[in-house]
Amino acid sequence: MTGFDCWIMPTFRLASVLNFKIQEIKIMKYIIVGAVAGGASAAARLRRLDEHAEIIIFEKGEYISYANCGLPYYIGDVIKDRDKLFVQTAASFQQRFNIDVQIMTEVIAINPIAKTITAIKSPTGETYEEAYDKLILSPGAEPVRPPLPGVDIEGIFTLRSVRDTDLIKGYLNRKSARRAVVVGAGFIGLEMAENFHHLGLQVSIVEMGGQVLAPVDFPIASIVQQHIRSKGVALYLNAAVASFAKSGEAITVSLNNGKQLTADIVILSIGVRPDTRLALQAGLKTGEARGIWVNEYLQTSNPDIYAVGDAIEFKNPITGISMMTYLAGPANKQGRSCANNIVLGNVQKYNGSINTAIVKVFDLTLATAGTASKHLKAANIDHVVSTTHNGSHAAYYPNAQQMTMQIAFSPIDGRLLNAQAVGYDGVDKRIDVLSTFIKQGKTVYDLAEFEQAYAPSYSSAKDPVNMAGFVAENILMERLKIFYWNETGNIKAHDLFIDVRRKDEYDAGNIERAINLPVDEIRSRLHAIPKDTNIFIYCEAGLRGYLAQRILRQHGFDNVFNLSGGYKTWKACTDESVLIARAG
């Protein structure tokens with residue numbers, strides 16, 4: 001036997017064994033319902049893990065794997081090419097991944113005992129069944145369209161799909177629209193308001209709540225609200241739509257406070273609800289939040305059915321309360337994990353989402369991660385809030401922009417629970433850092449140690465993330481005692497209220513009852529400050545107030561409190577509160 005024969009014969013034997021093993025392995029059949037974020041991600045991952053499986057995707061719409069988050073920008077002509085909205089088409093997905101993509105085909109029933117689904121083809125009405133070994137549900141969520149009088153009038157739209165986008169775009173092209181009303185001030189609502197404004201429309205936003213962007217706290221939302229108003233967009237808070245009526249070619253939008261708005265186009269952006277119809281029909285368990293219940297492996301109450309995306313609920317990693325998240329990032333990651341668990345056998349736990357999100361509001365950026373203070377309060381989770389204002393990069397380098405950052409953390413161990421940031425530059429990279437810290441259970445002490453890439457055009461030697469950590473550490477170590485913008489009214493007549501800014505700053509605007517004593521003069525005037533009273537201090541952003549407090553406390557003044565976020569936060573919040581009260 002030659003050397004070649006010695007090499008080739010074992011190889012042939014190995015190939016024969018492998019071939020025998022492959023023949024022994026059952027060819028699996030996977031069915032996915034829904035082909036946008038989570039469903040398409042799961043399908044592609046299934047193919048990468050199992051080349052031999054039969055995979056079928058059912059999508060009731062005409063399109064798969066499209067950029068849902070880009071739809072408002074296509075409407076606003078920021079994205080000019082419609083084709084750029086599509087990550088994959090049905091044809092390209094089928095060609096690349098060898099997956100049977102059934103578009104315009106809706107799954108209308110599941111038989112979990114027989115392990116079959118019933119589907120109907122929209123164009124023909126043909127109904128048929130398909131068997132499966134494993135089933136993935138990714139039905140998404142549906143926009144809420146309240147049963148208000150006149151809600152079905154032409155020109156009133158919701159935005160959730162490419163079809164919705166085409167209808168809105170076509171309507172705008174046919175009509176000479178000049179006025180738009182957006183109902184709902186969440187992420188999509190504000191993006192639609194911005195894009196209508198970009199098209200030159202007069203825009204009004206109607207929001208039932210007392211602020212825009214429910215996931216963030218009022219001090220951060222107030223900055224966004226002021227920015228929206230500065231763009232000439234009308235903002236109606238604590239207001240709900242009572243009815244719609246046709247008025248010639250226009251639409252009259254009547255609010256519950258008696259006001260009437262005139263619009264040529266209306267967008268309903270008041271929220272979405274999980275599509276659980278199939279799950280309920282199949283007898284699958286739903287949870288406290290009325291989403292599809294899944295375990296830590298994204299497996300439903302039926303072991304052969306998994307679920308991902310907007311329709312599922314899971315425990316919030318911070319509060320432990322069941323929740324859903326309507327974000328593309330978590331849905332895509334869930335799809336990948338789900339496929340791993342199906343093929344490899346429940347090997348990857350899903351640890352939930354902390355709802356990290358970011359939104360562009362004209363030229364302002366707002367971002368959040370974790371659980372806002374108001375929601376922590378509702379969950380009875382003890383926490384401390386701290387607000388800081390810093391530049392996006394070194395102040396001496398041109399074009400540094402102001403950034404406001406609010407964090408919430410545990411008073412016991414400093415664990416970071418929430419971060420919110422708003423500004424014009426660098427917000428995105430800071431929230432990604434803070435989100436990572438929250439996700440990993442890190443503390444504010446870790447923020448203080450965070451090491452960033454520093455050059456004056458990108459950051460400061462002490463990054464805003466560091467500064468947030470320094471302030472929080474001082475609070476936990478009781479080097480800094482704080483009070484908040486909405487507590488200034490609680491200051492008693494016999495307490496001392498000091499503005500430690502320069503006189504020109506004080507004269508330009510101050511908080512009622514505060515006296516002016518600049519921080520640089522405090523040491524020389526200690527004899528004039530009583531020690532037997534509470535002393536409340538503020539400056540523009542918080543730093544000079546902290547310095548004044550440290551001077552006083554080390555000279556025997558014990559009850560000294562500094563305004564968190566300073567005059568800047570107080571003014572934004574109080575100005576917005578006054579506007580909202582007057583409007584109501």
Side-chain angles (χ1 to χ4, degrees), residues 219 384-391 394-396 400 402-407 409 411 444-445 447-448 460-464 466-575:
V384 179
V385 173
S386 175
T387 302
T388 51
H389 305 279
N390 296 103
Y396 60 83
Q402 189 69 217
M403 181 189 307
T404 297
M405 190 178 294
Q406 177 187 292
I407 62 172
F409 51 93
V444 296
Y445 303 109
L447 296 186
S460 299
K462 296 176 182 177
D463 190 81
N466 297 132
M467 296 304 296
F470 294 156
V471 173
E473 180 187 273
N474 284 333
I475 293 170
L476 289 176
M477 301 299 291
E478 296 188 350
R479 301 188 191 102
L480 171 63
K481 295 180 181 180
I482 57 174
F483 68 108
Y484 299 103
W485 72 271
N486 56 353
E487 295 177 332
T488 56
N490 299 334
I491 297 174
K492 308 298 183 188
H494 58 269
D495 293 331
L496 193 59
F497 194 18
I498 305 176
D499 182 326
V500 298
R501 298 176 298 166
R502 299 187 312 269
K503 186 176 185 303
D504 62 305
E505 293 175 283
Y506 175 83
D507 290 341
N510 57 74
I511 304 176
E512 187 178 1
R513 286 191 51 239
I515 62 171
N516 185 218
L517 177 54
V519 61
D520 294 336
E521 299 176 17
I522 284 180
R523 288 186 181 88
S524 63
R525 298 176 63 180
L526 290 172
H527 61 280
I529 303 174
K531 288 188 175 182
D532 58 351
T533 188
N534 294 320
I535 301 173
F536 295 89
I537 290 173
Y538 73 89
C539 64
E540 188 68 18
L543 176 58
R544 284 175 289 176
Y546 169 63
L547 298 177
Q549 185 190 62
R550 294 305 301 156
I551 293 169
L552 290 170
R553 289 189 64 184
Q554 291 179 84
H555 281 87
F557 297 84
D558 295 325
N559 298 315
V560 187
F561 304 88
N562 186 35
L563 178 60
S564 182
Y567 182 76
K568 186 183 294 289
T569 294
W570 175 88
K571 184 164 176 53
C573 292
T574 52
D575 284 354

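This one's a predicted model, so the numbers in the text were calculated from it and none came from an experiment.
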S.K.: Is it the case that more than 12 heavy atoms not belonging to Lys481 sit under 6.0 Å from its NZ atom?
M.R.: yes

S.K.: Distance-only, no hydrogens or angles: does the Asp499 side chain make a donor-acceptor pair with backbone N or O of Asn516 under 3.5 Å?
M.R.: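 Judged by distance alone, no pair lies under 3.5 Å.
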
S.K.: Test your reading of the model: is there a side-chain donor-acceptor pair from Ser524 to the backbone of Glu521, 3.5 Å cut-off?
M.R.: yes

S.K.: Which heavy atom in Thr533 sits nearest to a heavy atom in Asp495, and how many Å separate them?
M.R.: OG1-CA, 3.4 Å

S.K.: Judged by atom type as modelled, is there a donor-acceptor pair below 3.5 Å linking the side chain of Tyr506 to the main-chain atoms of Pro518?
M.R.: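 Checking the backbone N and O of Pro518 against the side chain of Tyr506, no donor-acceptor pair under 3.5 Å is found.
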
S.K.: Shortest non-hydrogen contact from Asn390 to Gln402?
M.R.: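 Looking at all heavy atoms of both residues, the shortest contact is N-OE1, 3.3 Å.
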
S.K.: With a sphere of 6.0 Å drawn around CZ of Arg523, does it hold more than 12 non-hydrogen atoms of other residues, nucleotides or ligands?
M.R.: no

S.K.: Would a distance-only check, ignoring hydrogens and angles, find a side-chain to backbone donor-acceptor pair under 3.5 Å from Lys568 to Gly542?
M.R.: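 No.
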
S.K.: Let me confirm one number: the CE-CG distance from Met405 to Leu447, rounded to the nearest 0.5 Å.
M.R.: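 With rounding to 0.5 Å, CE (Met405) is 9.0 Å from CG (Leu447).
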
S.K.: With rounding to the nearest 0.5 Å, note down the distance linking CG in Leu480 to CD1 in Ile475.
M.R.: 5.0 Å

S.K.: For a quick test of reading the model, state the closest non-hydrogen atom pair linking Ala548 to Val500 and the distance between them.
M.R.: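 The answer is CB-CG1, 3.9 Å.
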
S.K.: My understanding is that only residues two or more places apart in sequence, or in another chain, count here; which of them pass side chain to side chain donor-acceptor pair (under 3.5 Å) with Arg479?
M.R.: Asn474

S.K.: By ring pair (Phe, Tyr, Trp, His ring centres under 6.0 Å), which residues pair with Phe557, not counting sequence neighbours?
M.R.: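 Once residues adjacent in sequence are excluded, Phe557 has no partner under the ring pair (Phe, Tyr, Trp, His ring centres under 6.0 Å) criterion.
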
S.K.: Sub-3.5 Å donor-acceptor pair from the side chain of Gln554 to the main-chain atoms of Arg550, do we have one?
M.R.: yes

S.K.: Measure the CG-CD distance between Leu563 and Glu540 for me, rounded to the nearest 0.5 Å.
M.R.: 10.5 Å

S.K.: Return all side-chain donor-acceptor pairs below 3.5 angstrom for residues 486-493, not counting sequence neighbours, or 'none' if the list is empty.
M.R.:
residue : atom : partner : partner atom : Å
Glu487  : OE1  : Tyr484  : N            : 3.0
Thr488  : OG1  : Trp485  : O            : 3.4

S.K.: Please report the interatomic distance CD1(Ile522) to CD1(Ile498), rounded to the nearest 0.5 Å.
M.R.: 6.0 Å

S.K.: Which residues satisfy the ring pair (Phe, Tyr, Trp, His ring centres under 6.0 Å) test with Phe497, sequence neighbours excluded?
M.R.: Tyr538

S.K.: Sort out for me which residue in Asn559, Val560, Asp558 forms a side chain to side chain contact (heavy atoms under 4.5 Å, CB included) with Leu552.
M.R.: Val560

S.K.: Rounded to the nearest 0.5 Å, what's the gap from CD on Gln406 to OG on Ser564? Could you check?
M.R.: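 If I round to the nearest 0.5 Å, the distance is 7.5 Å.
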
S.K.: Between Ala400 and Ala395, which heavy-atom pair has the shortest distance, and what is it?
M.R.: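 Of all heavy-atom pairs spanning Ala400 and Ala395, the closest is CB-CA, 4.2 Å.
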
S.K.: Who are the ring pair (Phe, Tyr, Trp, His ring centres under 6.0 Å) partners of Phe470, not counting sequence neighbours?
M.R.: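 Partners of Phe470 by the ring pair (Phe, Tyr, Trp, His ring centres under 6.0 Å) criterion come out as none, since no residue qualifies.
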
S.K.: Dump the intermediate steps for side-chain contact (heavy atoms from CB on, under 4.5 Å) on Val444 and Val471, then the final yes or no.
M.R.: CA-CA 9 Å; Val444 296; Val471 173; over 6 Å; no

S.K.: Could you tell me whether a side-chain N or O of Asp507 sits under 3.5 Å from a main-chain N or O of Asp504, the two making a donor and an acceptor?
M.R.: no

S.K.: Under the ring pair (Phe, Tyr, Trp, His ring centres under 6.0 Å) rule, collect the residues that match up with Tyr567, sequence neighbours excluded.
M.R.: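 For Tyr567 the ring pair (Phe, Tyr, Trp, His ring centres under 6.0 Å) partners, ignoring immediate neighbours, are Trp570.
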
S.K.: Which distance, rounded to the nearest 0.5 Å, do you find between the CD of Glu505 and the CZ of Arg544?
M.R.: 4.0 Å

